[in-house]
Amino acid sequence: MKGESLSFEQLRGWRPCRRGRWRTLKSQLLAASLTCTVLFVYACTQDFLYNPTYFSLLWGNPTQPKQVTLLIWYEPFGKRRRVGDCHLLFNISGCQLTTNRSLYQEADAILFHHRDIGEYGDFPISKRPASQKWIWMNFESPSHSSWLTALGGFFNWTMSYRVDSDIFVPYGYLYSRKRAKIVLPRKRKLVAWVISNWNEDHERVQYYNQLREYIDIDIYGRYGMDLKHDNVVKTVSEYKFYLAFENSLHTDYITEKLWRNAFKASAVPIVMGPSRYNYEMFIPRNSFIHVDDFSSPKKLAMHLRFLDKNIHMYRRYFTWKKRYDVHVTSFWDEHYCTACETVKASGDEYRTVSDLAEWFES
Ligand SMILES: *[C@@H]1O[C@H](CO)[C@@H](O)[C@H](O)[C@H]1NC(C)=O
Ligand SMILES: *[C@@H]1O[C@H](CO)[C@@H](O)[C@H](O)[C@H]1NC(C)=O
Ligand SMILES: *[C@@H]1O[C@H](CO)[C@@H](O)[C@H](O)[C@H]1NC(C)=O
């Protein structure tokens, strides 16, 4: 997709004419025009000059880059906002993002945000263009996604945090960069947790209730202290550890709690989510602590105390910073532009996601 674009001259093998070559050029021109005449007469008699396939064989395809219109059917969570320009933001050309439903018939693909399907349900009712791709987009976990079964057989592509989605958009990722020295912010405090949805039934709250018997944990958010300057990263930077506990435990469901709240703030994430094995597909094995690494919250607390006293061991958790940096995906333009880029690169193969619930819940 991001291949070099050739200029017109390069494509035609065009070179400026030099005087000394005029004679050869003249005879070449003569031969060429003769060939052309013969071809033209033949073409006319065969009535294929106007057939686009043969036309492009003769003259080459026009070098127009593919233009894609991506219609965003619902503005996520009903919030109206201006959609960005993929070229300005991400250097992705040929993408028209729109929320204007009048462009339904001409859209190459339509993006449906899962939560809003349940909320509004107003699918396009006029005839569905045959080659149009309907994309199911969801960044919540299966525990917080209803209606899945009813939506089987509706969409052509999936887009989510799951690696095996047709369009994979994780909440964040590590990317390699030039080797750098590890610099950690000054850390005077021990364990932080930012939580906005407190539910005693959640596994994470139950675990916290046990863990806090053995170690002090500072709570921020709706049920705790206010964030410093309203900024998670600034607040958490002062801590050695962060509880990156997901609201539910599902394959690949690793959110900004890890990427932004912990990694961006250079706090060691203590994760609760999918298995350690699943985490290690995305981040180095020695960059985090998994609650499953310990047989009890008490044992975990002992390990945290040990690391608190042993700065050398603590710093080992940041070895990844020598070679990697963190990218935190930004909602929603990055998602839209990634979708558009994928549509642009796709062929016109047909497919339908028939087992949406079965797949997403697996
Ligand atoms: C933008 O993409 C084009 C090719 O699509 C590439 O040649 C150019 O270097 C890119 N620019 C930046 C700033 O990445
Ligand atoms: C939506 O698109 C139609 C057709 O191109 C156009 O007439 C209309 O003004 C657009 N509406 C908005 C709000 O941009
Ligand atoms: C998309 O899925 C629908 C519903 O199954 C199907 O009718 C249509 O042919 C599919 N289109 C593409 C481009 O895959």
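As the structure is a prediction and not an experimental result, all values here were calculated from the model. Whatever order the structure lists ligands and atoms in, that order sets their numbers, starting from 1.
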Check SG atoms, Cys337 and Cys86, less than 2.5 Å apart: yes
Where ligand 3 meets Gly153 - atom numbers and elements under 4.0 angstrom, heavy-atom basis: 4 (C), 5 (O)
Protein contact of atom 6 (C) of ligand 3 - nearest heavy atom, named by residue and atom, plus distance: Thr352 OG1, 4.0 Å
Output field: ring centroids His113/Phe77 closer than 6.0 Å: yes
Aromatic ring proximity Trp198/Tyr208, centre distance under 6.0 Å: yes
Salt bridge present between Arg101 and Asp122 (N-O < 4.0 angstrom): yes
Geometric N/O contact Ser131 with ligand 3, under 3.5 angstrom: no
Protein non-hydrogen atom found under 4.0 Å from atom 2 (O) of ligand 2: yes
Between Phe155 and Phe112, ring centroids under 6.0 Å: yes
Atom indices of ligand 3 within 4.0 angstrom of Ala130 heavy atoms, with elements: 11 (N), 13 (C)
With Phe139, the ring-ring contact (aromatic ring centres under 6.0 Å, His included) member among Tyr161, Phe331, Phe360, Tyr253: Phe331
Residue and atom name of the nearest protein heavy atom (relative to atom 8 (C) of ligand 3), distance in Å to one decimal: Asn156 ND2, 3.8 Å
Mode of Gln132 contact toward ligand 3 - side chain, backbone, both, neither (heavy atoms, under 4.0 Å): backbone
Heavy atom of the protein closest to atom 9 (O) of ligand 3 (residue, atom name, distance): Tyr350 CD2, 3.4 Å
Min N/O separation Arg128 to ligand 3 under 3.5 Å: yes
Distance-only donor-acceptor check, side chains Thr69 and Gln96, under 3.5 Å: yes
